[in-house]
Amino acid sequence: MDRLFPFLDLGKVNEPYIEALSEAAVRVVKSGRYIGGEEVESFERELGNYLGAPYIIGVSNGLDALRLTLRAWVVTGRLTVGDEVIVPANTYVASVLAISDAGLVPVLADPDEMSMNITAEGIKRHLSAKTRAVMPVHLYGRVAWDRDIRDVVEDNGLLVLEDCAQAIGARSVWQGLHGGVMAGALGHAGALSFYPTKNTGALGDAGAVVTHDAELAATVRALANYGADRRYHNIYQGFNCRLDPLQAAMLRVKLPFTDRENADRFEKALAYWRTIDRKDVIKPLMSAAVTDCVWHQYVIRVTDGRRDEFQKKLAELGVETDIHYAVPPHMQPCYRDKPHLPLPVTERIAGELLSLPIARGTTVDDVVEISRIINSIEL
Ligand SMILES: *Cc1c(COP(=O)(O)O)cnc(C)c1O
């Protein structure tokens with residue numbers, strides 16, 4: 001083995017920001033304000049400016065951003081317990097957990113095999129008299145939004161909650177419901193995660209809700225703060241899901257570089273796309289619109305049932321990979337007994353997916369070398 005290609009080195013990801021992060025941390029320590037306050041408010045304003053949305057609520061993590069939004073729609077009567085929410089079956093389990101947590105019913109839809117995202121067709125196939133909402137997940141950083149999805153949503157009066165955990169900074173080719181194009185500001189609400197491995201990661205857990213809806217924003221903010229609309233006045237049976245000022249300060253350092261970091265990922269996706277050349281490997285789509293995917297993961301598919309063997313050979317040759325996700329939500333013990341329609345695409349691709357190194361720490365030269373190793377593997 002010549003050298004090691006780690007899948008992800010978070011120390012390397014944050015290396016360019018060490019000084020600014022350290023200064024921001026000291027600023028918070030000295031401020032004496034450790035819950036809420038100016039740091040959180042400034043971050044919310046800066047994120048709103050970036051996404052072009054009027055309301056941002058900083059929260060504790062991405063799952064909480066999703067579940068607080070759905071819960072807010074339930075407590076305000078926009079959704080009723082038992083309503084169905086259509087969600088792609090190949091998503092990370094958190095998308096589905098948020099739906100169940102709010103007392104709603106997740107309806108799992110097979111994704112499009114090439115984009116690996118939900119489509120208007122997929123949504124239409126799963127519409128029922130109880131369908132009230134859809135959760136497009138911009139999986140691996142690729143925007144799941146187009147004119148057909150917009151039509152099916154508007155024709156059926158569905159609420160749209162985008163799961164943008166993997167897609168900060170992605171831009172849709174098609175305008176959203178409010179005219180903007182940024183992922184998170186396309187539907188009625190968006191949920192962001194700043195988990196450390198995401199494209200713009202905090203130094204711990206963090207998340208945010210994005211919306212154009214003032215009532216939703218106020219409800220989410222109250223729910224995240226014990227259900228209180230003001231001090232010691234609890235209008236809901238709420239939670240404690242606030243964003244820490246320390247994480248807000250870290251994110252204020254990194255947010256301005258989101259586009260730069262995403263462009264760095266794009267260069268590597270392009271290098272993989274140009275260099276990987278194997279009949280048994282399907283590469284992800286490289287669309288004409290450069291910014292509709294922010295390449296949270298670069299996920300190839302190894303066909304012919306050889307993925308595990310392929311991954312093992314790569315590891316022996318020094319290339320660390322990962323799988324997002326080997327076991328889809330409906331096959332997890334907590335959902336195994338729940339009914340769902342057949343999900344042939346989700347179940348097949350779960351055995352084919354393989355994520356290659358793409359974060360900072362992996363260079364374009366590394367990508368070319370990794371691709372050569374991939375091309376040389378004999379199974
Ligand atoms: C990471 C992730 C989440 C959850 O975010 P956390 O901040 O880890 O709670 C939800 N959905 C998707 C698609 C994710 O990738």
Side-chain angles (χ1 to χ4, degrees), residues 7-8 10 13 43 47 56-71 85-102 106 108-109 111 115-118 133-145 160-170 183-184 186-187 189-210 220 224 239-244 247-248 250-251 254-255 262 265 293-299 322-330 332 334-335 346 349-350 353 355 358-359:
F7 180 70
L8 177 66
L10 283 175
V13 167
F43 172 65
L47 182 60
I56 303 282
I57 307 95
V59 297
S60 33
N61 57 62
L63 172 57
D64 283 345
L66 289 166
R67 75 188 187 101
L68 289 168
T69 303
L70 293 168
R71 186 69 72 128
V85 182
I86 297 173
V87 60
N90 59 324
T91 186
Y92 179 54
V93 71
S95 320
V96 186
L97 292 174
I99 298 170
S100 326
D101 177 75
L108 304 169
S115 70
M116 294 195 260
N117 271 338
I118 200 169
V134 55
M135 185 190 290
V137 180
H138 308 307
L139 201 66
Y140 311 140
R142 188 184 305 276
V143 167
W145 186 259
V160 179
L161 170 55
E162 299 167 68
D163 181 340
C164 312
Q166 304 188 358
I168 187 167
L186 298 167
L192 288 164
S193 165
F194 303 104
Y195 185 78
T197 65
K198 309 288 178 173
N199 288 27
T200 299
L203 273 63
D205 277 311
V209 174
V210 185
V220 167
F239 313 96
N240 177 350
C241 301
R242 296 172 302 222
L243 172 64
D244 289 337
Q247 295 307 337
M250 301 297 100
L251 288 167
K254 294 181 72 180
L255 181 67
N262 287 344
R265 286 170 183 267
C293 183
V294 294
W295 302 102
H296 174 59
Q297 301 295 355
Y298 191 85
V299 180
D322 204 340
I323 297 171
H324 301 92
Y325 300 93
V327 181
H330 70 283
Q332 295 290 351
C334 66
Y335 286 117
T346 301
I349 67 176
L353 304 168
S355 306
I358 193 160

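Computed from heavy atoms alone, side chains included, the values below leave out hydrogens, waters and symmetry copies. All ligand and atom numbering here is 1-based and tracks the order in the structure.
Every residue two or more places apart in sequence or in another chain that forms a side-chain contact (heavy atoms from CB on, under 4.5 Å) with A65 is listed here: V59, A191, V209.
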Show the distances, to 0.1 Å, for all pairs joining an N/O atom of ligand 1 and a protein N/O atom that are shorter than 3.5 Å, listing one pair per line.
residue  : atom   : partner : partner atom : Å
ligand 1 : 5 (O)  : S193    : OG           : 3.3
ligand 1 : 7 (O)  : G62     : N            : 2.7
ligand 1 : 7 (O)  : S193    : OG           : 2.6
ligand 1 : 9 (O)  : G62     : N            : 3.3
ligand 1 : 9 (O)  : L63     : N            : 2.9
ligand 1 : 11 (N) : D163    : OD1          : 3.3
ligand 1 : 11 (N) : D163    : OD2          : 2.7
ligand 1 : 15 (O) : Q166    : NE2          : 2.8
ligand 1 : 15 (O) : K198    : NZ           : 2.7

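Screening residues 56-68 for salt bridge (charged side-chain N to carboxylate O under 4.0 Å, His left out), with sequence neighbours left out, gives D64-R67, R67-D101. The side-chain hydrogen bond (donor to acceptor under 3.5 Å, both in side chains) contacts involving residues 197-206 comprise N199-N262, N199-H296, T200-T258, where partners must be two or more places apart or lie in separate chains.
Judged by distance alone, the side chains of Q166 and H138 never bring a donor and an acceptor atom under 3.5 Å apart. A donor atom on one side chain and an acceptor atom on the other are not found under 3.5 Å apart for Y325 and T91.
V137 pairs in a side-chain contact (heavy atoms from CB on, under 4.5 Å) with only one of the listed residues (C164, P88, P111), which is P88.
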